[in-house]
Each structure stands twice: as structure tokens, then as C-alpha cells.
Amino acid sequence: MTIFGAGVVFTIAWWLSFFVVLPIGVKGQWEDDSTIDGTEEAAPKNPMLAKKALWATGGAVVLTGLTAIIVPRWLAQ
């Protein structure tokens, strides 16, 4: 796998991982009656985006590593 190929796989894997972890641990403002005027009730109170970006990065590294190991073996046959 070339550097460009690894970058493409990492980018796709990062977004995939990010969308997987995005809904984990999110509580809406309506769940504890802390709705701020002018916002949607279902808006997340604390989305923890930095923490989820780190988890997505870890997931993307694992997926990219697995792809770098598995795909060349399939193509070599």
C-alpha cells in the first residue's frame, strides 16, 4: 500500500469511526430540563467531540493497519 493509498484508507476509516462513536454517551437537553432558550430540545448538552475524535483516530489507525495487512495478501493471490 502506498502512502497515498494509506491516507485515503485512513480518511475513510476515520469518518466511518467518527460516525460510529458520535451517538455514544450523548444526552439531550430535554433529559435533564436544562434547555437553553433558542436551541433545540434534542441538541446535545455535552457532545464531547474532542474525546470522540480521539476514539475515531484510534479506530482509523486500527482499520488502516488491518487493511494494510489483509488487502495485499488478497491481491497477491
Side-chain angles (χ1 to χ4, degrees):
M1 180 182 299
T2 65
I3 295 293
F4 180 75
V8 169
V9 170
F10 179 81
T11 301
I12 293 170
W14 190 90
W15 281 105
L16 177 71
S17 300
F18 185 68
F19 284 127
V20 167
V21 300
L22 198 57
I24 296 174
V26 176
K27 291 187 178 183
Q29 295 178 13
W30 62 273
E31 292 178 321
D32 61 356
D33 295 328
S34 65
T35 305
I36 300 169
D37 290 335
T39 63
E40 177 66 32
E41 290 180 349
K45 183 176 179 182
N46 183 13
M48 302 177 289
L49 290 178
K51 182 178 179 182
K52 291 177 183 185
L54 287 174
W55 277 104
T57 302
V61 167
V62 169
L63 289 174
T64 303
L66 287 173
T67 303
I69 293 169
I70 294 171
V71 170
R73 290 188 182 183
W74 282 348
L75 294 176
Q77 292 179 358

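Computation of the quantities below employed the complete heavy-atom set of this structure, encompassing side-chain atoms and omitting hydrogens, waters and symmetry-equivalent molecules. The structure presented is a predicted model; accordingly, all values stated were derived computationally and were not measured.
Taking the side-chain contact (heavy atoms from CB on, under 4.5 Å) definition, one finds that K51 meets it with M48, W55, sequence neighbours left out. V71 pairs by the side-chain contact (heavy atoms from CB on, under 4.5 Å) definition with T67, L75, not counting sequence neighbours.
When every heavy atom of V26 is checked against every heavy atom of L22, the shortest pair comes out as CG2-O, 3.4 Å.
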Identify each donor-acceptor pair in which a side-chain atom of residues 1-18 lies under 3.5 Å from a protein atom, sequence neighbours left out, and give them as a table.
{"from": "T2", "atom 1": "OG1", "to": "G5", "atom 2": "N", "distance (Å)": "3.0"}
{"from": "T11", "atom 1": "OG1", "to": "G7", "atom 2": "O", "distance (Å)": "2.8"}
{"from": "W14", "atom 1": "NE1", "to": "T57", "atom 2": "OG1", "distance (Å)": "3.0"}
{"from": "S17", "atom 1": "OG", "to": "A13", "atom 2": "O", "distance (Å)": "2.8"}

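Remark: side-chain polar atoms of K52 are paired, donor with acceptor, to backbone N or O of I24 under 3.5 angstrom.
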